[in-house]
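As a basis for the values below, the full set of heavy atoms in this structure was taken, side chains included, without hydrogen atoms, waters or symmetry mates.
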Protein chains: 2
Amino acid sequence: MLYSKSAEYAIQAMIYLAETNSPEPVMISQIAKAYNIPQQFLAKIAQTLVKHRLLVAIRGRNGGVKLARPANEIYLNQIVYAVDGPPPEQEQCVIGLDYCSDTAPCPLHHRWKIIREDIREMLVAEDLADLALRVLEKRKIMNEP
Amino acid sequence: MLYSKSAEYAIQAMIYLAETNSPEPVMISQIAKAYNIPQQFLAKIAQTLVKHRLLVAIRGRNGGVKLARPANEIYLNQIVYAVDGPPPEQEQCVIGLDYCSDTAPCPLHHRWKIIREDIREMLVAEDLADLALRVLEKRKIMNEP
DNA sequence: GATATTTAAGACTTAACAGGCTTTAATTAT
DNA sequence: ATAATTAAAGCCTGTTAAGTCTTAAATATC
Ligand code: SF4
Ligand code: SF4
């Protein structure tokens, strides 16, 4: 919806890393298992996250991946951008017309403009540390019936 | 983004029909040409719109398709629903977690909930007649340099 | 150094979406 | 009746996203 499946997996994986907050690297296989992500697929996604300096990878025994910087300095849009590539230069018309501009917009235009901005704002504002904290809290609550 | 390419074409085609507002049926080929939609593809989309009672088709010479009811009684969500199928029953978590509910939501949850609601509202509120009117106006403006 | 373990890299497979082609059925004008 | 015209229907092709497999490279441990 907002981003690809790959980006979703990437966010989940990085939340997991922020949750555990271990100074030691964490194995891809462990992350994959915890969040139920296809392991090999996650491995490949991790590669691109490493290339984009969001993760660092340590290979060999006791290897794994860890966050490249503190969780509170990593924002969602950075992850999405890294995995899905840069967003399109020109803003897209909701109904795919090509001859339109901002003069005399159709009723959809105002609405869509606001929504698009909200989405952007959401991805820019939220950082991993916050998310991980909240997910942890939530997990605690749900384990107490 | 919000809907498939097919749904986008469907919306464009139905706007065209609302624009021309002809009591006579309009040929698929004509619509396809006007909005630069692959004709055969649009033909197939039209079929599903007919099945969902948004269009009626008249075949044979002088045939074509027309809106099944007045344009101001057709809303975007009906078109999207018809082409892309019903939206998922359970509301989706933005980051794809499956163990979450509304108790102690993560920071994304509030934001996303609002955005999702705005999108839904946009699709529910806008009807074809409005859109067609605005697109017509816009075309007029853009033709006067 | 040998070995086990872990990510890196790239080829490969599968599935879904977008689009095209061709034939068939329905309708109307002649 | 017949020919022309139009949507309906089914199958084929290309593209992209999602997922799998195989081999190579790096590293810790013995
Ligand atoms: S005014 Fe409407 S049709 Fe034009 S670009 Fe904006 S959303 Fe699209
Ligand atoms: S609280 Fe956050 S993680 Fe849970 S369902 Fe809502 S958006 Fe998803």
Side-chain angles (χ1 to χ4, degrees), chain A residues 1-14 16-17 22-68 80 82-85 88 96, chain B residues 1-14 16-17 22-68 80 82-85 88 96:
Chain A
M1 181 64 166
L2 268 55
Y3 32 67
S4 69
K5 199 76 185 166
S6 299
E8 187 178 299
Y9 288 153
I11 293 172
Q12 292 177 348
M14 296 196 66
Y16 182 84
L17 289 172
S22 146
E24 308 303 320
V26 177
M27 283 189 294
I28 302 278
S29 58
Q30 184 181 336
I31 306 174
K33 203 188 226 169
Y35 272 67
N36 211 30
I37 304 171
Q39 177 172 342
Q40 309 280 8
F41 194 33
L42 179 56
K44 202 176 308 183
I45 295 168
Q47 287 177 33
T48 80
L49 291 175
V50 169
K51 275 198 202 106
H52 283 80
R53 319 277 164 144
L54 290 171
L55 294 180
V56 289
I58 294 94
R59 34 181 163 182
R61 182 177 289 189
N62 297 333
V65 293
K66 52 183 187 179
L67 299 180
V80 174
V83 175
D84 287 347
Chain B
M1 182 61 166
L2 267 57
Y3 32 68
S4 69
K5 199 76 185 167
S6 299
E8 188 178 298
Y9 288 153
I11 294 172
Q12 292 177 349
M14 297 196 66
Y16 182 83
L17 289 172
S22 147
E24 308 303 321
V26 177
M27 285 190 292
I28 302 279
S29 57
Q30 184 182 336
I31 305 175
K33 204 189 227 169
Y35 271 67
N36 210 30
I37 304 171
Q39 176 173 343
Q40 311 281 4
F41 194 32
L42 179 57
K44 205 172 308 182
I45 295 168
Q47 286 177 34
T48 81
L49 291 175
V50 169
K51 275 198 202 105
H52 283 81
R53 319 277 162 143
L54 290 170
L55 293 182
V56 290
I58 295 95
R59 31 182 166 183
R61 182 176 288 189
N62 297 333
V65 293
K66 53 183 186 178
L67 298 179
V80 173
V83 175
D84 287 347

(Q) Can a donor-acceptor pair be found, under 3.5 Å and without considering hydrogens, that links the side chain of A:D84 to the backbone of A:S4? (A) yes
Q) First contact, last contact: which nucleotides of DNA chain D are these for chain B, 5' to 3', heavy-atom distance under 4.0 Å? A) D:dA4 to D:dC11
Q: Indicate the atoms forming the closest heavy-atom contact of A:P23 with A:K66, along with that distance.
A: O-NZ, 3.4 Å
Q | B:L67 side chain reached by B:L55 side chain, heavy atoms, under 4.5 Å | A | yes
Q: Check A:Q30 against A:Y16 and note the closest heavy-atom contact, atom names and distance.
A: NE2-OH, 3.0 Å
What does the list of N/O pairs under 3.5 Å between the protein and nucleotides 18-25 of chain C look like, with a distance for each?
residue, atom, partner, partner atom, Å
C:dA18, OP1, B:K5, N, 3.0
C:dG19, OP1, B:Y9, OH, 3.4
C:dG19, OP2, B:Y9, OH, 3.2
C:dG20, O6, B:K44, NZ, 2.3

Q. Between atom CD in B:E24 and atom P in C:dT28, what is the gap in whole Å?
A. 12 Å
Q. Taking all non-hydrogen atoms of both residues, which atom of A:V83 and which atom of A:A7 are closest, and how far apart?
A. CG1-N, 3.6 Å
Q) Does any residue of residues 25-33 of chain B have a heavy atom under 4.0 Å from DNA chain C, and if so, which ones, in number order? A) none
**Q.** Side chain to side chain, A:I11 and A:V80, heavy atoms closer than 4.5 Å
**A.** yes
**Q.** Side-chain heavy-atom pair A:Q12, A:I31 within 4.5 angstrom cut-off
**A.** no
Q) If every non-hydrogen atom of B:A10 is compared with every non-hydrogen atom of B:I45, which pair is closest and at what distance? A) CB-CG2, 3.8 Å
**Q.** Shortest non-hydrogen separation from A:A68 to A:R53 and the atoms involved
**A.** CB-O, 3.3 Å
Q: Kindly give the heavy-atom pair with the smallest separation between B:Q39 and B:A32, and that separation in Å.
A: CA-CB, 3.7 Å
